[in-house]
Amino acid sequence: MFPEDHANNGRGAELPETGDPGPDRPHRGPPQRDTSCIFVWWDSCTTLNMENGEKINKGEEDEMEIHGYNLCRWKLALVAVGVLCTGGFLLLLLYWMPKWRVKATCSRAPLKNCDVVLLRTTDEFRQWFCAKVRLRMCPGIDPFQTPESMTRKLMNGHAGHLPETPSEHTEDYPINNTEALLLEVRYFVHHSVTYFWNDFRQAFIFWNGLDEGVPCSDIHSVHSKGLSHEVHDYRKLFYGINDIAVKVPSVFKLLVKEVLNPFYIFQLFSVILWCTDEYYYYASAIVLMSVISIISSLYTIKKQYIMLHDMVAAHSIVRVSVCRGNKEAEEILSTDLVPGDLMVIPPNGTIMPCDAVLISGTCIVNESMLTGESVPVTKTNLPVPTMDSRGVDDEIYNTEVHKRHTLFCGTHVIQTRFYAGEPVKAIIVRTGFSTSKGQLIRSILYPKPTDFKLYRDAYMFLLCLVGVAGIGFLYTVVNSILNQVPVGTIVIESLDIITITVPPALPAAMTAGIVYAQRRLRKLGIFCISPQRINICGQLNLICFDKTGTLTEDGLDLWGIQRVENSRFLLPEDKACSEALVKSQFVACMATCHSLTKIDGVLSGDPLDLKMFEAIGWILDEATEEETALHNRIMPTVVQPPKQPLTEQKPAASQEMELFELPTTYEIGIVRQFPFSSALQRMAVVARVLGDKRMDAYVKGAPEVIASLCKKDTVPADFAIVLEEYTKQGYRVIALAHRRLESKISWHKVQNISRDAIENNMTFLGLIIMQNKLKQETPAVLEDLRKANIRMVMVTGDNMLTAISVARDCGMILPHDKVIVAEALPPKDGQAAKINWHYADTMPRSNLNVINSQDIPDKMVNDSLNDNPIIDYHFAMNGKSFAVILEHFQDLVPKLVLHGTVFARMAPDQKTQLVEELQNVDYYVGMCGDGANDCGALKRAHGGISLSELEASVASPFTSRTPSISCVPNLIREGRAALITSFCVFKFMALYSIIQYFTVTLLYSILSNLGDFQFLFIDLAIILVVVFTMSLNPAWKVLVAQRPPSGLISGPLLFSVLSQIIICIAFQTLAFLLVKKQPWYEVWTPNSDVCNMSSEGHNDNTTEHDQHNIQNFENTTLFFVSCFQYLIVAIVFSKGKPFRQPCYKNYLFVISVLALYALILFFMLYPIESVENFFELVCVPYSWRIAVLIIIAINAGVSILVETVVLDMILWKLVFNRDKQGESHLMVTHNPQEVNDCWAGRFLSFLFFCKKKTPKAKYMHLAQELLVDPEWPPKPRTTTEAKSPTQENGSYQIVTIT
């Protein structure tokens, strides 16, 4: 059983507990520990009414409705009878439909007493699952309640009994307390998460570890001693084995699951039917195809399972040391760890088997598995909370907030620093699938279904084909009865018409284009782990970009520094390594305030820290393990100036030279680190100059944050102006501050002091200005996307003004566009939340990375609202404003994301929220990031592209080998090509079914059919060859503004399919009727001789009577006509530009089609007796063969004319495109020719019943509304307030104040 954190279990609930757990219950967190697991609160602990719609994981991504059921004997008996009567088909139906399975065999029951739970997701997919409720024997119902206290509670009269049924789970085992009464605990497992029934809450709950609701003070005081054996064994009953188990299913299980797929069941039914009709060869071919397909699928699935298993299993089971109470440490397997265990981190490092919080010592960790960055990260011990001068209350531990103190599962601890006698220790907070790595693996094991209109429409189209098959079924039955056909033949032929309508090769044909696209992407250096998403990428119309490392170079260059003296800015300096500054506090801050470390003698750490440290040229020395043990304390990391002068110029003053050449007299030891926190936007260190009695605190971070921590009289008056000038020009600005600590603060006190006590009353030192250059290819790629009418959004953790400047430099915001900054403030002191709107000033162009504004064309007048609404303003906001708007201005969110272009200072979860909000207004969203902090958004987007090749790419559907955004247009081009290929293949397969269906229907009318080898030739030689070669068209070389349709049910596609169906049916009918009108026509018999052939010779080849009436003139005529029709529609549907290369560049397809044309023409015009006997054809006069050829030529001409001229040139331009665009040219002056086209379009729209419709996509509809809204966009220097929610509907009233 594996708990799982992202199930969340009503996270954030603040309800009081019910029921006294007993006075001896140990403190295990805040009073609401139990309530953090409540999903639905009930005022009384009565049995739940199932009609009320109970939910688990309420308010979370995996929220589900839950209903209880008990097995019903009489229903089971009825189902058994039904299974027998249907030959097992009912059993298959119930296997495919969990909801029907539960309702058909069970009756409703309260959750408290149910045997089975039925679950349904509350998202748009509404998936059904069922799970069996099991029993387990435990001394209590709460993992944080010790067995002793529970035993006393039971002995004091609380209800409890010993069930007669033994435990059903292999992990269940009794506690070593024979006197304790055991309680019956009910639980079920869903997607590797265990949910327990809680009598106090009257709900199934998921038990969190120590990652929810536990104060930091409790981590140190209550949980820092470790667990006794008894408590450990008791908790293990609830948390199970600490293992992320990816079980590789056996081949037999995979085979059964694959074979029970509805499609293969249909194929099995078809094969049995064909065998009864003696179509052995065709049935054998289909069986062979199916076997090859199943083997290929099993191999692929098995390989994926093995790869995932190997990735997870590597180092997942290790031996670890844990502390048991106050006893000595003991070694156990990592699988035995539970939340609350105290683990000793070995000095030489390890792979973390769980999530744990450091309580002593320091670790250097590689978190590439989670973040995508191989940069080592320093993890420090969780500070002991103290009430400082500001009166900050005890903080609640959270893995995200305190990630700099948390070791995550799967990450590599490279080395540790520790106290001698007190090794580095960490408390386990999450195990198994609850861990960060476990959640990632769960998202891979149980992905959400791909929601794409193409697949929904494909099922609808198949249902239509089934409907057509039903009509054929009825026609065949009626026709056969009227012609007094035997019952057995009626059954076989009527069912056969169904198997013809739904083609067996459809799934293979549909995936061919995707497989080829995946292969082409691999050649471009883009790897895909979710092939179905390639089609979806063809619809992307908005791309979110991370800034640093994605749009700009990964590293930063030091542009210069600007120091502060006497509360005034000095002139900017291009170097910080001048000799005069060696002993300055500014350089001391640059030398110490970082998280760099030496690994194998190489300096490594955050790239920004590296650049900053390299700019001053100092040397970093770290204490060895022996030195640490010798001094019985953590030896500080020491930094010192270089031993050689940094400049060639001779120093002016001899005193400075002496100082500079004797660096050994000046060393600074880093006593304590407070790692960088993205929430706090700063980092700090405590350091001491060698020989100095007092310590110094240094802080660096976001300028606005650092200035707020400094004494006001030390911050220059023009601070905001100077900062704005730098950020407007796209520079990355970092502020430094210093504070001289009191002499009473000792070494040991520093190790436990809170950072809040350090980070105040600082002295402002100045600014470091870093230059973040645009990547060379960025402007060109964004220009390609702009031309293709694809919106671009920047989502970054950097300063907003810097982000706006970069957006202008790279062309994301055009020079003439306005930028509206939305500054949202939360409610404060009784005042409502509000948004202050102000327009960013016209940004001065940076001299760096400037691109010619003439290279960015203005918005074309005929650009459509559908693809990119005509806008000249952009919204920009930071993460804090975004959070306030999401909470208090929900009605404004769609309007803001419609024109939002720059989102700065965004936390990782906010990036994910932004992607969700964009998807809520029906954008197809792509996300391109470097893997760091972007994992959530990369997973959530329709197409996530990671620019990191590390293990974090597992979270992203696509990974680019080259860290360049040039992969984005490549992916969209290939996605569009794959999408159009899917449409072409589906249309071709639909026409193939209908052509063959109508051929067989016409032949049924004369009690005939196609022969076995005729079916075989059509399905194998023609269809499969054509399908697998027509999918090879590569993508078009440029992105175009036009986007392919998103579904099959659209005007152009329906018209294309229906028109070709009508044409093919018409020419088949024409040939069928004309052959009967020929003067030589007669009902064919083995003695017929219309080709002047000798009867004797013919009879020699006809050894037996044709029982199925295959050989006749109608059959031969329709066989040749239909064979050519398959090739005609293949050519007609193989369109190239603007999404694919022309079909004549698909050499395999051209060769295949020409070869088939030549072969069929040869068979038709130059008959060979042995070939005709093989295909059961009959000889017809040469004049009729020429007539058939003329019919085929006219058919081809009409098909090509209708598809290329009528559809592509006339209807698409005047009807479908106009309707799709939603009349977006309202503000454009039309010339007379355009007016005529407009009237022609209206007339054709009237003919085809194409009325003007409101755009389906929400963002298009919203854009139309905003075009005529006089209050939007907000005026500059106005404020929008949100009043308190009303009692009736809870909505906010928005008031705009000028």
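FYI, side chains are in, hydrogens and waters are out, and symmetry mates aren't considered; it's all heavy atoms of this structure.
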**Request:** Supply the atom-to-atom distance Phe204 CZ to Thr194 OG1, rounded to the nearest 0.5 angstrom.
**Result:**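 Taking CZ in Phe204 and OG1 in Thr194, the distance rounds to 11.5 Å.
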**Item:** Close side-chain approach of Val214 to Ile396, heavy-atom, < 4.5 Å
**Value:**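 SC-SC contact between Val214 and Ile396 ruled out.
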**Prompt:** Who pairs with Glu63 by side-chain hydrogen bond (donor to acceptor under 3.5 Å, both in side chains), at least two apart in sequence or on another chain?
**Reply:**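 Expected list: Thr122.
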**Prompt:** Could you give the distance from CD1 (Ile219) to CG (Asn381), rounded to the nearest 0.5 Å?
**Reply:** 12.5 Å
**Request:** With sequence neighbours left out, write down each residue that passes side-chain hydrogen bond (donor to acceptor under 3.5 Å, both in side chains) with His405, or none if nothing qualifies.
**Result:** Thr380
**Message:** Hydrogens and angles aside, do Tyr397 and Thr406 bring a side-chain donor and acceptor to less than 3.5 Å of each other?
**Reply:** yes
**Item:** Sidechain N-carboxylate O distance under 4.0 Å for Asp341, Arg235
**Value:**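 Answer for the salt bridge query: no.
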**Item:** Residue pair Ile359 / His220: nearest heavy atoms and the distance that separates them
**Value:**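 Ile359 and His220 have their closest heavy atoms at O-CE1, 3.8 Å.
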**Request:** Decide, yes or no, whether a salt bridge links Asp115 with Lys132 under the criterion of side-chain N to carboxylate O below 4.0 Å.
**Result:** no
**Item:** Gap between atom CD of Gln673 and atom CG of Leu596 - 0.5 Å precision
**Value:**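 Here the rounded value is 8.5 Å.
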**Prompt:** Looking only at atom types and distance, does a side-chain atom of Gln202 sit under 3.5 Å from a main-chain N or O of Asp199, one as donor and one as acceptor?
**Reply:** yes
**Item:** Listed partners of Tyr446 passing side-chain hydrogen bond (donor to acceptor under 3.5 Å, both in side chains), at least two apart
**Value:** Ser192
**Asked** How about Phe196 and Phe238: are their ring centroids closer than 6.0 Å?
**Response** yes
**Message:** What's the separation between atom CZ in Arg688 and atom CD1 in Ile670, rounded to the nearest 0.5 Å?
**Reply:**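 Those atoms lie 13.5 Å apart.
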